[in-house]
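We name chains A, B, ... by the order of the sequence lines, and we start the count at 1 in each one.
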Amino acid sequence: MQYWLMKSEPEAFGIDDLAGRPEQTEPWDGVRNYQARNMMRDEMKVGDPVFFYHSNCDLPGIVGIAEVARASYPDFTAFDPDDKHFDPKSNPDKPTWFMVDVKFVRKLQRTIGLQELKQQPELADLALVRRGNRLSIMPVSRQQWDFILGLE
DNA sequence: GCCAACGTTGGC
DNA sequence: GCCAACGTTGGC
């Protein structure tokens with residue numbers, strides 16, 4: 001089993017939005033970065049636990065837990081000219097972009113802020129706290145996962 | 001295949 | 001709103 005962290009801007013789609021969806025599940029569409037795509041397409045399996053991270057907001061940090069509810073399938077928004085994430089070069093017969101479905105598990109009792117995460121020597125290798133990192137999906141080790149939950 | 005220009009991310 | 005970091009694009 002692999003653990004993950006996925007970023008989302010709460011103004012666009014936050015943890016409460018996920019909790020309010022039918023079956024508390026939502027396709028993670030719109031990822032247009034190859035590294036992130038590869039992780040969704042090749043490595044994310046049903047049941048994998050996910051930290052839900054709020055970015056670009058007053059208090060950036062981990063706000064909840066989700067899990068992968070459906071493994072990789074083509075991101076249909078890439079084929080919709082009206083969609084914000086339309087990719088004119090993407091071909092439905094040979095899709096470029098993939099997504100997974102993510103299901104709400106629970107909110108954390110408090111937000112574990114980016115600042116706090118950065119202060120932990122145990123998390124020095126976490127991609128999230130490395131300089132200049134812009135990955136929206138990243139792996140989290142079992143040790144990192146347990147440590148972060150211990151901060152809650 | 002290089003690299004400058006440009007667009008995006010995301011913390012602050 | 002600013003801007004550093006980084007990915008992508010496209011001319012050559």
Side-chain angles (χ1 to χ4, degrees), chain A residues 2-21 25-44 48-68 72-141 143-145 147-152:
Chain A
Q2 176 63 56
Y3 298 82
W4 303 96
L5 181 145
M6 300 173 92
K7 295 180 186 174
S8 187
E9 301 188 14
E11 288 222 355
F13 188 81
I15 187 78
D16 291 326
D17 295 309
L18 182 62
R21 280 294 189 269
T25 299
E26 182 77 359
W28 205 266
D29 65 346
V31 172
R32 298 291 180 267
N33 169 281
Y34 286 101
Q35 260 185 285
R37 178 210 62 182
N38 290 348
M39 286 187 271
M40 287 198 294
R41 187 189 60 187
D42 305 331
E43 298 178 44
M44 297 185 86
D48 279 359
V50 176
F51 279 136
F52 198 111
Y53 178 90
H54 279 176
S55 66
N56 232 336
C57 57
D58 286 346
L59 179 54
I62 296 171
V63 295
I65 297 174
E67 66 180 21
V68 178
S72 146
Y73 60 108
D75 181 347
F76 48 78
T77 64
F79 313 129
D80 178 0
D82 296 326
D83 193 277
K84 183 183 171 196
H85 301 289
F86 175 60
D87 177 7
K89 290 181 295 188
S90 187
N91 173 2
D93 294 327
K94 198 169 177 291
T96 304
W97 304 113
F98 290 79
M99 61 188 177
V100 299
D101 285 357
V102 166
K103 181 180 172 64
F104 176 81
V105 174
R106 68 175 178 93
K107 288 174 75 167
L108 298 189
Q109 300 163 38
R110 66 182 184 91
T111 299
I112 301 176
L114 178 62
Q115 203 51 54
E116 183 178 352
L117 294 168
K118 281 182 171 172
Q119 288 166 7
Q120 313 299 327
E122 291 85 348
L123 301 177
D125 292 333
L126 184 65
L128 183 73
V129 305
R130 319 237 17 174
R131 195 179 63 104
N133 172 69
R134 288 170 48 186
L135 264 187
S136 62
I137 300 173
M138 67 191 72
V140 176
S141 74
Q143 289 75 17
Q144 289 164 341
W145 179 277
F147 181 81
I148 291 168
L149 275 187
L151 297 172
E152 186 181 4

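Under the 4.0 Å criterion applied to side-chain N and carboxylate O atoms, A:Glu26 and A:Arg21 are assigned as salt-bridge partners. Using a 4.0 Å cut-off between charged side-chain N and carboxylate O, A:Glu116 and A:Arg110 make a salt bridge.
Between the side chain of A:Asp75 and the main chain of A:Gly30, a donor-acceptor pair closer than 3.5 Å is present. Checking side-chain atoms of A:Ser8 against main-chain N and O of A:Gly14 turns up no donor-acceptor pair under 3.5 Å. Between the side chain of A:Lys7 and the backbone N or O of A:Leu135 there is at least one donor-acceptor pair closer than 3.5 Å. Judged by distance alone, with hydrogens and angles left aside, the side-chain atoms of A:Arg37 form a donor-acceptor pair with the main-chain N or O of A:Thr96 at under 3.5 Å. With A:Gln144 contributing its side chain and A:Ser141 its backbone, the two residues share a donor-acceptor pair below 3.5 Å.
Looking at residues 2-9 of chain A, you'll see that no heavy atom sits under 4.0 Å from any atom of DNA chain C. The stretch residues 93-101 of chain A has no heavy atom under 4.0 angstrom from DNA chain C at all. The stretch residues 127-140 of chain A touches DNA chain C through A:Arg131, A:Gly132, A:Arg134, each having a heavy atom under 4.0 angstrom from the strand.
Projected onto DNA chain C by closest heavy-atom contact, A:Asn56 and A:Lys89 fall at different nucleotides, the more 5' of which corresponds to A:Asn56.
Sorted by first then second residue, the side-chain hydrogen bond (donor to acceptor under 3.5 Å, both in side chains) pairs that include residues 79-89 of chain A, not counting sequence neighbours, are A:Asp87-A:Trp97.
If you walk DNA chain C from 5' to 3' and mark each nucleotide with an atom closer than 4.0 Å to a heavy atom of chain A, the marks span C:dA5 to C:dT9.
Using a 4.5 Å heavy-atom cutoff, the side chains of A:Glu67 and A:Val50 are not in contact. Between A:Pro60 and A:Tyr53 there is a side-chain heavy-atom pair separated by less than 4.5 Å.
No hydrogens or angles considered: a donor-acceptor pair under 3.5 Å links the side chains of A:Glu9 and A:Asn56.
With sequence neighbours left out, A:Phe98 forms a ring-ring contact (aromatic ring centres under 6.0 Å, His included) with no residue at all.
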